[in-house]
Amino acid sequence: MTDEEQLAFLRSQFAPLVDKLGYKFTPDEELVRDLLESEVMLEKRFGAPYCPCQGRTGNRAEDMRIVCPCIPFHRSHFDAMKRCWCGLFVHKDVTDPDSLPQIDPATL
């Protein structure tokens, strides 16, 4: 599978999953493409489409919590922020992700 085909595959797999969780892809198509390209590279290198904004620990059990989409593992943080850490997914009611306040997860 080419990188472009893998990117399209990830997008098609993620959309219905996050939809059921009350999220959608951010409307910023450039950001979506950049993040999905990063996930394709991470999947090629490490075997899973890890969140590109989170560092892997090397502990498989811990690292599985940052495989995209990681919404189920970090739901309370993401619901408070109305987006995931990297911004690939936002709550369905969000029309302008740039207007969302930044929240420090340590304060939640």
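Here the structure is a predicted model, which is why all the values come from computation and not from measurement.
- Taking the ring axis of F89 as reference, the NZ or CZ atom of R83 does not stay both within 45° of it and closer than 6.0 Å to the ring centre.
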Donor-acceptor pairs are to be reported for all side-chain atoms of residues 65-75 against protein atoms at under 3.5 Å, with residues two or more places apart or in another chain.
residue: R65; atom: NH2; partner: F73; partner atom: O; Å: 3.3
residue: H74; atom: NE2; partner: R65; partner atom: O; Å: 2.9
residue: R75; atom: NE; partner: D79; partner atom: OD1; Å: 3.2
residue: R75; atom: NE; partner: D79; partner atom: OD2; Å: 3.2
residue: R75; atom: NH2; partner: L21; partner atom: O; Å: 2.7

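- Listed by first and then second residue, the salt bridge (Lys or Arg N to Asp or Glu O under 4.0 Å) pairs involving residues 39-54 are D3-K44 (not counting sequence neighbours).
- In this structure, CZ in F25 is found 10.0 Å from CG in L35, a value given to the nearest 0.5 Å.
- E5 contributes a side-chain N or O that, together with a main-chain N or O of T2, makes up a donor-acceptor pair within less than 3.5 Å.
- Partners of E4 according to the salt bridge (Lys or Arg N to Asp or Glu O under 4.0 Å) rule, which considers only residues two or more places apart in sequence or in another chain, are R33.
- Nearest heavy atom pair, residue K24 against residue H91, reads CE-O, 3.6 Å.
- Connection of L7 to L17 is not established within any shared hydrophobic cluster, with ILVMFWY side chains joined at heavy-atom distances below 4.5 Å, either directly or through further cluster members.
- The nearest pair of heavy atoms linking T26 to P97 is OG1-CG, 3.3 Å.
- Within a 6.0 Å radius of CD in E30, no more than 12 heavy atoms belonging to other residues, nucleotides or ligands are found.
- Judged by the 6.0 Å distance and 45° axis criteria, R56 is positioned over the aromatic ring of Y50.
- Considering all non-hydrogen atoms of both residues, T57 and D63 come closest at N-OD1, 2.6 Å.
- The aromatic rings of H77 and W85 sit tilted relative to each other, their planes meeting at an angle between 30° and 60°.
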